[in-house]
Amino acid sequence: MADYIKFVDVTKCDGCRACMVACKNWNDLPTVTEEYSGSYQSHEKVNAHTWNVITYNEHTTANGGFEWLFRHQSCLHCVEAACEKACPEDAISHTKFGSVVIDHDKCVGCGYCTTNCTFDVVELATYKDKNGKEYRKAQKCTLCTDRLEQGLQPACVVACHTDCLVYDEKETVLAEAEKRLAKIKERFPNANIYNPQGIKGTTTVYLLADKPSVYGLPENPKVPLSQVVWKDYAQPLGKAMFGATTMAVVGAVIANAMKKDKGGHEEGGRDHE
């Protein structure tokens with residue numbers, strides 16, 4: 001099976017928000033009302049019940065003109081995903097489509113994925129059981145994995161009328177992306193293809209009109225070394241020696257320590273301005 005990716009060409013986006021509506025409808029997500037912030041942007045950022053948001057950035061051109069820089073903001077589905085590394089319950093995993101998904105039966109709502117997410121897209125949603133007791137589950141874009149399993153495209157891609165969003169074979173998409181990049185360089189000299197290799201690439205790849213930081217994206221994200229060591233080495237060894245229950249407790253302690261660590265930029269993690 002060929003590798004497929006979702007490609008986002010922000011230079012084709014007209015800010016219509018059809019992708020947001022399609023995502024809400026397909027995933028049956030509730031309305032999230034936010035106070036007016038003075039911007040045309042409908043939501044400050046993605047949240048537990050709004051899995052993609054069109055961001056609006058006011059941009060001054062080289063000749064002193066004005067234009068909007070839009071971005072379809074959603075989970076990038078990192079190949080090396082910090083949220084997956086931080087989860088002490090193995091509730092986050094990759095599918096055969098490259099999408100990063102959350103198993104809500106395993107999720108205990110600890111929030112370590114929300115703290116460690118490279119792109120700040122995972123959030124906790126609060127629910128109530130039949131007895132009125134509250135519990136939390138992590139939520140984010142699934143890349144419409146349920147649709148992919150049925151041979152369908154992601155709902156946001158189908159809804160996009162400008163072909164800003166494309167889901168197709170990786171090699172084909174990236175080849176076309178390079179051609180598109182060369183075409184828009186005169187208008188956008190800082191244009192670039194955003195597929196950060198510090199996290200081994202992403203399943204959602206962007207063609208940006210300006211530097212990643214202009215769009216609120218980290219320039220060179222990396223998964224903190226402590227997370228890699230814990231998830232890929234310490235946890236499997238510990239489970240073999242001490243059992244899964246003991247390691248879950250140890251994992252919670254380590255994840256909590258990572259959560260409290262505010263100086264993780266040397267190891268990677270978020271690298272915003």
Side-chain angles (χ1 to χ4, degrees), residues 1-10 12-34 40-56 70-79 81 83-84 91-107 109 113-114 117-128 135-170 172-173 202-207 215:
M1 177 179 177
D3 288 337
Y4 280 69
I5 59 172
K6 184 171 86 172
F7 178 63
V8 184
D9 183 346
V10 302
K12 292 182 178 181
C13 180
D14 63 3
C16 75
R17 302 191 184 99
C19 57
M20 294 179 61
V21 175
C23 178
K24 285 275 189 180
N25 287 343
W26 178 259
N27 294 291
D28 196 22
L29 299 173
T31 299
V32 178
T33 303
E34 296 186 4
Y40 288 111
Q41 191 169 316
S42 62
H43 297 70
E44 180 182 0
K45 61 181 289 296
V46 294
N47 56 57
H49 297 306
T50 305
W51 294 353
N52 80 71
V53 167
I54 297 298
T55 62
Y56 286 58
F70 302 116
R71 178 168 77 90
H72 166 83
Q73 181 191 61
S74 65
C75 179
L76 277 74
H77 300 277
C78 313
V79 174
C83 61
E84 184 266 337
I92 302 178
S93 62
H94 289 82
T95 71
K96 64 182 180 180
F97 303 104
S99 53
V100 178
V101 296
I102 301 168
D103 185 336
H104 291 144
D105 290 334
K106 293 182 179 180
C107 177
C113 56
T114 67
C117 173
T118 305
F119 299 101
D120 194 24
V121 298
V122 190
E123 283 203 359
L124 296 177
T126 302
Y127 304 93
K128 289 185 178 181
Y135 63 96
R136 305 187 303 174
K137 297 289 182 182
Q139 294 273 27
K140 69 171 191 66
C141 159
T142 65
L143 197 63
C144 282
T145 297
D146 53 344
R147 291 175 61 89
L148 299 180
E149 289 172 341
Q150 299 301 316
L152 302 173
Q153 298 224 331
C156 60
V157 174
V158 174
C160 182
H161 71 104
T162 65
D163 290 332
C164 161
L165 303 179
V166 174
Y167 185 79
D168 206 340
E169 290 188 16
K170 182 177 181 178
T172 301
V173 171
T202 54
T203 305
T204 295
V205 176
Y206 284 96
L207 173 58
Y215 292 89

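Remember, it's a predicted structure, so these values are computed and weren't measured experimentally.
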Going through the checks in order, is the side chain to side chain contact (heavy atoms under 4.5 Å, CB included) test met by Asp103 and Ser93?
CA-CA 8 Å; Asp103 185 336; Ser93 62; over 6 Å; no
Quick one: pull up OH in Tyr135 and OG1 in Thr126 and give me the separation to the nearest 0.5 Å.
10.0 Å
Would you say His161 and Asp14 make side-chain contact, with heavy atoms under 4.5 Å?
yes
Closest non-hydrogen atom pair, Ile102 against Ala138:
CD1-O, 3.6 Å
Heavy-atom closest pair (Gln139 atom, Ala125 atom, distance to 0.1 Å) is CG-CB, 3.8 Å
Restricting to non-hydrogen atoms, name the atom on Cys117 and the atom on Val121 that form the minimum distance, rounded to 0.1 Å.
SG-N, 3.3 Å
Side chain to side chain contact (heavy atoms under 4.5 Å, CB included) assessment of Ile54 paired with His72:
CA-CA 5 Å; Ile54 297 298; His72 166 83; 4.0 Å; yes
Start with the C-alpha gap between Thr204 and Leu143, add the side-chain angles, then the distance that decides, and say whether side chain to side chain contact (heavy atoms under 4.5 Å, CB included) holds.
CA-CA 9 Å; Thr204 295; Leu143 197 63; 4.3 Å; yes
Sorted by chain and residue number, the ring pair (Phe, Tyr, Trp, His ring centres under 6.0 Å) partners of Tyr56 (sequence neighbours excluded) come out as Trp68, Phe70
Pair Tyr167, Tyr4 - check ring pair (Phe, Tyr, Trp, His ring centres under 6.0 Å), show working.
CA-CA 7 Å; Tyr167 185 79; Tyr4 280 69; 5.6 Å; yes
Please evaluate residues Thr203 and Lys6 with respect to the criterion side chain to side chain donor-acceptor pair (under 3.5 Å), reporting the C-alpha separation (whole Å), side-chain torsions for both, the decisive distance (0.1 Å), and the verdict.
CA-CA 6 Å; Thr203 305; Lys6 184 171 86 172; over 6 Å; no
Answer yes or no: are there more than 12 heavy-atom neighbours, outside Glu34 itself, under 6.0 Å from its atom CD?
yes
What are the two closest heavy atoms between Ser74 and Val46, and how far apart are they?
CA-CG1, 4.3 Å
How many angstroms lie between CG in Asn47 and CG in Leu124, if you round to the nearest 0.5 Å?
12.0 Å
Which value, rounded to the nearest 0.5 Å, describes the distance between Leu165 atom CG and Cys160 atom SG?
4.0 Å
Roughly how far, to the nearest 0.5 Å, is CZ of Phe119 from OG1 of Thr202?
6.5 Å
How long is the straight-line distance from SG of Cys13 back to CG of Leu207, given to the nearest 0.5 Å?
12.0 Å
Just wondering, are more than 12 heavy atoms of other shown residues or ligands nearer than 6.0 Å to NZ in Lys45?
yes
Kindly say whether Cys19 contributes a backbone atom to a donor-acceptor pair with the side chain of Asn52 at under 3.5 angstrom?
yes
Short question: side chain of Lys140, backbone of Val100 - any donor-acceptor pair under 3.5 Å?
yes
For the CD atom of Glu149 and the SG atom of Cys144, what is their distance to the nearest 0.5 Å?
11.0 Å
Which pair of heavy atoms, one from Ala155 and one from Ala22, lies closest together, and at what distance?
O-CB, 3.6 Å
Closest non-hydrogen atom pair between Thr50 and Lys24, with its separation:
OG1-NZ, 3.1 Å
Criterion side chain to side chain contact (heavy atoms under 4.5 Å, CB included) on Cys164 and Val10, from CA distance to verdict:
CA-CA 6 Å; Cys164 161; Val10 302; 5.8 Å; no
